[in-house]
*Asks:* 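Before I ask anything, here is the structure I am working with.
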Amino acid sequence: MSVLNSFSLEGKVALVTGGAYGIGFAIAEAYAQAGAKIAFNCRGQEHLNKALEDYAAKGIDAKGYICDVTDEEQVKNMVASIKEDLGVIDILVNNAGIIKRIPMTEMSAEEFRQVIDIDLNAPFIVSKAVLPGMIEKGHGKIINICSMMSELGRETVSAYAAAKGGLKMLTKNICAEYGEYNIQCNGIGPGYIATPQTAPLREIQPDGSRHPFDQFIVAKTPAARWGTPEDLMGPAIFLASDASDFVNGQILYVDGGILAYIGKQPK
Ligand code: NAP
Ligand code: GCO
């Protein structure tokens, strides 16, 4: 059998949290192309309806669920509904996430908690909900969407960096605790990707110039460009497929080289 068959997701059930748009949508699209049955969630009916249209436009019969990933009861009910609609979840992508860009001394404890709740507590809640089914099936893939901020800090993103650093370690701990059940838990660490989440960092300035942060990131990235959600499709398929059955507890950085590069020298 060709090794390429090991990259197939044929017949697998994949849940991508926050898969209504952005990175999650691209990963779910990739999984559909690789043969998986797709489930995704978001918090509101408007985004859900738009996402179902967008998936259908790509010929993908995705199942969408209204579910706030921070709410354990909603998550349990969603996982049960997916089991009824599609089958036991084989692949979970903990993608849903938010960021708040506020200087730490100005950030409220509640704002900090909101980010931790969605970006770190929720991956715990959703992983805990899907692990029993994976253990029973004798296999499973959990992919946590980490970040440059799993490794680096930067001004104004204290809560996000703390959450994504914790998500890196949760990834390693799920590996440690469930690897014996043939469950692999890895992370993807995207670089700076052009999605709604980073749109404020790419806004054209009143004088028509590019946002200073946009210029900074392009100079800091050896690929000299922002990433696109499509750049994550191949790595996501790899980590969801049999091709990565002996890869566990790793964070795969898909960052155009940012983490390897000190940054372009000023001319
Ligand atoms: P995005 O465009 O803002 O999309 C975030 C998604 O998460 C939306 O579908 C949103 O849906 C959903 N979501 C947020 N909170 C939720 C909750 N409590 N329950 C359920 N769904 C929720 O973000 P993105 O850029 O695609 O990022 C996706 C993931 O990649 C995030 O974890 C982010 O931290 C990470 N990441 C992004 C970048 C980047 O440069 N863009 C780089 C590294 C890592 P609703 O709001 O409709 O519920
Ligand atoms: C920011 C950005 C980053 C990206 C991503 C980088 O404000 O610095 O939003 O956090 O979203 O996480 O990997």
Side-chain angles (χ1 to χ4, degrees), residues 15-29 39-52 54-55 62 64-72 74-75 78 93-103 113-123 125-126 143-168 170-171 187-203 211-214 216-217 220-221 225-232 235-236 251-259:
L15 167 60
V16 180
T17 68
Y21 50 88
I23 286 171
F25 184 92
I27 290 177
E29 181 185 356
F40 73 96
N41 74 294
C42 58
R43 289 168 291 186
Q45 196 64 48
E46 185 183 346
H47 284 174
L48 187 86
N49 293 342
K50 176 68 171 59
L52 288 171
D54 293 341
Y55 279 114
Y65 302 83
I66 300 289
C67 173
D68 182 332
V69 290
T70 65
D71 182 315
E72 192 159 21
Q74 287 187 40
V75 168
M78 173 176 66
V93 181
N94 284 308
N95 166 77
I98 65 166
I99 193 167
K100 290 183 185 294
R101 302 182 182 97
I102 306 168
R113 273 193 290 268
Q114 284 170 8
V115 176
I116 297 292
D117 210 15
I118 294 171
D119 293 7
L120 180 57
N121 293 346
I125 288 169
V126 186
I143 295 133
N144 293 322
I145 307 300
C146 297
S147 162
M148 294 290 94
M149 275 64 222
S150 297
E151 302 294 343
L152 303 170
R154 91 170 181 85
E155 300 83 354
T156 76
V157 296
S158 59
Y160 185 83
K164 293 298 188 179
L167 186 56
K168 175 175 76 171
L170 178 63
T171 301
I188 288 177
Y192 279 83
I193 311 295
T195 71
Q197 192 236 51
T198 55
L201 306 175
R202 289 176 282 108
E203 278 174 358
H211 192 294
F213 195 87
D214 175 2
F216 165 68
I217 285 301
K220 184 79 173 72
T221 307
R225 67 174 175 87
W226 283 73
T228 66
E230 291 70 27
D231 285 320
L232 301 167
I251 313 299
L252 177 56
Y253 287 97
V254 186
D255 68 352
I258 291 181
L259 282 178

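Both counts, for ligands and for their atoms, begin at 1 and track the order of listing.
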*Asks:* Considering the heavy atoms of M148, write down every atom of ligand 2 situated less than 4.0 Å from one of them.
*Replies:* 6 (C), 13 (O)
*Asks:* Under the side-chain hydrogen bond (donor to acceptor under 3.5 Å, both in side chains) rule, collect the residues that match up with K220, sequence neighbours excluded.
*Replies:*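 Checked K220 against side-chain hydrogen bond (donor to acceptor under 3.5 Å, both in side chains); zero matches.
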*Asks:* Can you report which non-hydrogen protein atom sits closest to atom 10 (O) of ligand 2, along with the distance?
*Replies:* Y160 CE2, 3.2 Å
*Asks:* So, using side-chain hydrogen bond (donor to acceptor under 3.5 Å, both in side chains) as the criterion, who are the partners of Y55 when residues are at least two apart?
*Replies:*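 Y55 satisfies side-chain hydrogen bond (donor to acceptor under 3.5 Å, both in side chains) with no residue once adjacent residues are dropped.
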*Asks:* Under 3.5 Å, is there a donor-acceptor pair between the T17 and N94 side chains?
*Replies:* no
*Asks:* Would you check ligand 1 and list the protein residues that come within less than 4.0 Å of it by any heavy atom, ordered by chain and number?
*Replies:*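 Those residues closer than 4.0 Å to ligand 1 by some heavy atom are G18, A20, Y21, G22, I23, N41, C42, R43, H47, C67, D68, V69, N95, A96, G97, I98, I118, I145, C146, Y160, K164, P190, G191, Y192, I193, T195, P196, Q197, T198.
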*Asks:* Are any of the N/O atoms in G191 less than 3.5 Å from those in ligand 2?
*Replies:*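 Yes; the residue has a nitrogen or oxygen that sits under 3.5 Å from a nitrogen or oxygen of the ligand.
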*Asks:* Give yes if a backbone or side-chain nitrogen or oxygen of I99 is under 3.5 Å from a nitrogen or oxygen of ligand 2, and no if not.
*Replies:* no
*Asks:* Would one find an N or O of P190, backbone or side chain, under 3.5 Å from an N or O of ligand 2?
*Replies:* yes
*Asks:* Is there side-chain contact between Y21 and C42, with heavy atoms separated by less than 4.5 Å?
*Replies:*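 Side-chain contact under 4.5 Å: no.
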*Asks:* With atoms numbered from 1 as shown, which atoms in ligand 2 lie under 4.0 angstrom from a non-hydrogen atom of R101?
*Replies:*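 So the answer, numbered in order with elements, is 1 (C), 2 (C), 7 (O), 9 (O).
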*Asks:* Please write down residue, atom name and distance for the protein heavy atom closest to atom 3 (C) of ligand 2.
*Replies:*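 For atom 3 (C) of ligand 2, the nearest protein heavy atom comes out as Y192 CE2, 3.3 Å.
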*Asks:* Counting only heavy atoms closer than 4.0 Å, does ligand 2 sit against the backbone of L201, its side chain, both, or neither?
*Replies:* side chain
*Asks:* Check each atom of ligand 2 against the heavy atoms of S147 and keep those under 4.0 Å away; list them by number with element.
*Replies:* 5 (C), 6 (C), 12 (O), 13 (O)
*Asks:* Please tell me whether R225 and T221 have a donor and an acceptor in their side chains that are separated by less than 3.5 angstrom.
*Replies:*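 No donor-acceptor contact under 3.5 Å links the two side chains.
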*Asks:* So I188 and C146, do their side chains get closer than 4.5 Å, heavy atoms only?
*Replies:*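 Result no, sub-4.5 Å side-chain heavy-atom pair not found.
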*Asks:* Run the ring-ring contact (aromatic ring centres under 6.0 Å, His included) test on F25 and F40 for me, step by step, so that the C-alpha distance in whole Å, both residues' side-chain angles and the decisive distance to 0.1 Å come before the verdict.
*Replies:* CA-CA 8 Å; F25 184 92; F40 73 96; 8.0 Å; no
*Asks:* Please work out whether any backbone atom (N, CA, C, O) or any side-chain heavy atom from C-beta onward of R154 is under 4.0 Å from ligand 2, and answer side chain, backbone, both or neither.
*Replies:*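 Within the 4.0 Å criterion, R154 contacts ligand 2 through side-chain atoms alone.
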*Asks:* Not counting sequence neighbours, which residues clear salt bridge (charged side-chain N to carboxylate O under 4.0 Å, His left out) with R101? List them please.
*Replies:*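 Once residues adjacent in sequence are excluded, R101 has no partner under the salt bridge (charged side-chain N to carboxylate O under 4.0 Å, His left out) criterion.
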*Asks:* Ignoring hydrogens, what is the shortest heavy-atom contact between I118 and R43? Give both atom names and the distance.
*Replies:* CD1-NH1, 4.1 Å
*Asks:* As an exercise, state the distance from OG of S147 to CG of D255, rounded to the nearest 0.5 Å.
*Replies:* 10.5 Å
*Asks:* With a 4.5 Å heavy-atom cut-off, do I251 and T171 have their side chains touching?
*Replies:*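 In short, these two side chains touch, coming nearer than 4.5 Å.
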*Asks:* Which atoms from ligand 2 have a heavy atom of M149 less than 4.0 Å away?
*Replies:* 10 (O)
*Asks:* In terms of atom number and element, which parts of ligand 2 are under 4.0 angstrom from non-hydrogen atoms of Q197?
*Replies:*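 Taking each heavy atom of Q197 in turn, ligand 2 has 4 (C), 9 (O), 11 (O) under 4.0 Å.
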*Asks:* Report yes if some heavy atom in the side chain of S150 is under 4.5 Å from a heavy atom in the side chain of L167; otherwise report no.
*Replies:* no
